[in-house]
Amino acid sequence: MIKWIKNLFSSPKTVTRIDNMKLEVHEPQKTINNVSTKFLIVGLGNIGSEYVNTRHNIGFKVVDFLAKKEGLSFETVKLGALAQYKFKGKTFLLLKPNTYMNLSGKSVKYWMDKENIPLENILVITDDLNLSFGTIRIRKKGSDGGHNGLKNINLILNTQEYTRFRFGISDEFKKGQQIDYVLGDWDDTEKAKLPERLELASEIIKSFGTAGIENTMTTYNGK
């Protein structure tokens, strides 16, 4: 009896006595956490005019394309350039780090913390040598795959549990020419196909924030 009384008074539930001497127990109201409607979309690349049209800068090119399409302007901010895009009640912060590729994690971490954006709402766009040109691969987590930008983000965030959007640039280079190829300009055939691929990439960004990662992967992976 004593133990029962102690448990009764230590419980977070509200207890009310009613006329027939039975005890009516009310469950405490549950707190509902607000689901974040803000997303950080990070396009990886290198700053400087010499890098603008290089394969390694496809991350910059994707967010630039979406910003131009929606009439947005990038503002120079701490550790990068930022544009804000609103769509279907969601806010997409388009970020181009100005730290150079190998230190991208510093910019990602700063804006993630400043804007209080959860890890699951981060999308990092990067080039991938292991995919044929224009091929899309979206994953919720994974290794850096030898990419220095992802490597630094993994190090700074101390996790691989964030979504990455890999854009294939193929590996059509001779032995020993990888750096020149990655930092080289798109060829004429690639340039002709880029607009359609960039249009698709902008749809992927919007889908990530509105339809969710699972639906986005199902719809766009391999396209």
Side-chain angles (χ1 to χ4, degrees), residues 34-128 136 138 140 144 147-167 194-195 197-213 216:
N34 292 324
V35 177
S36 177
T37 59
K38 193 178 292 186
F39 297 82
L40 183 62
I41 312 299
V42 185
L44 295 187
N46 287 310
I47 58 173
S49 58
E50 68 270 33
Y51 296 111
V52 170
N53 292 312
T54 63
R55 296 179 178 91
H56 211 30
N57 265 41
I58 188 60
F60 277 15
K61 206 165 191 69
V62 167
V63 293
D64 279 337
F65 181 88
L66 178 57
K68 184 177 180 180
K69 179 181 177 181
E70 300 298 334
L72 308 173
S73 298
F74 279 91
E75 177 186 358
T76 300
V77 294
K78 184 173 181 178
L79 299 176
L82 200 67
Q84 182 172 287
Y85 172 51
K86 292 184 179 293
F87 178 70
K88 291 187 176 181
K90 311 292 185 180
T91 298
F92 298 82
L93 298 178
L94 310 179
L95 174 65
K96 296 190 294 182
N98 66 4
T99 55
Y100 287 100
M101 186 72 78
N102 293 4
L103 297 174
S104 300
K106 186 176 181 180
S107 180
V108 174
K109 182 69 165 62
Y110 176 82
W111 285 100
M112 176 183 170
D113 291 346
K114 180 176 175 58
E115 296 294 332
N116 196 28
I117 298 175
L119 196 62
E120 61 269 22
N121 284 15
I122 295 176
L123 177 68
V124 177
I125 307 167
T126 182
D127 58 302
D128 194 319
I136 302 300
I138 306 157
K140 292 191 291 184
D144 57 63
H147 193 285
N148 288 331
L150 295 178
K151 188 178 297 183
N152 188 251
I153 293 172
N154 291 353
L155 176 66
I156 299 298
L157 298 187
N158 194 31
T159 183
Q160 299 179 1
E161 304 277 336
Y162 59 89
T163 303
R164 63 282 314 277
F165 165 7
R166 297 177 184 268
F167 187 106
L194 264 178
R197 294 284 90 188
L198 292 173
E199 183 68 44
L200 181 66
S202 67
E203 293 303 314
I204 289 171
I205 291 172
K206 291 186 281 188
S207 176
F208 174 68
T210 58
I213 180 58
T216 301

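Treat the numbers as computed from the prediction; the structure is a model and nothing was measured.
Checked for salt-bridge contact, Glu120 and Lys140 miss the test: no charged N lies under 4.0 Å from a carboxylate O. Electrostatic pairing of Lys69 and Glu203 counts as a salt bridge here, judged by a charged N lying under 4.0 Å from a carboxylate O. Between Asp64 and Lys68 there is no salt bridge, since none of the side-chain N atoms of the basic residue sits less than 4.0 Å from a carboxylate O of the acidic one.
In this structure, a donor-acceptor pair under 3.5 Å is absent between the side chains of Asn102 and Lys151. With hydrogens and angles left out, the side-chain atoms of Lys90 and Thr37 include no donor and acceptor closer than 3.5 Å.
Considering CD1 of Ile138 and CD1 of Ile213, their distance stands at 6.0 Å, rounded to 0.5 Å.
Side-chain contact between Lys61 and Phe167 is absent, with no heavy-atom pair separated by less than 4.5 Å.
Taking all atoms of both residues into account, the shortest heavy-atom contact from Phe65 to Ser202 is CE2-OG, 4.1 Å. Contact detail for Ser207 and Thr216: the closest heavy-atom pair is OG-OG1, 2.7 Å.
Ile41 pairs with exactly one of Ile125, Ile122, Leu66, Val124 by the side chain to side chain contact (heavy atoms under 4.5 Å, CB included) rule, that one being Ile125. For the ring-ring contact (aromatic ring centres under 6.0 Å, His included) criterion with Phe208, the lone passing option out of Phe39, Phe92, Tyr162 is Phe39.
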List the steps and the verdict of salt bridge (Lys or Arg N to Asp or Glu O under 4.0 Å) for Asp127 and Arg166. CA-CA 6 Å; Asp127 58 302; Arg166 297 177 184 268; over 6 Å; no
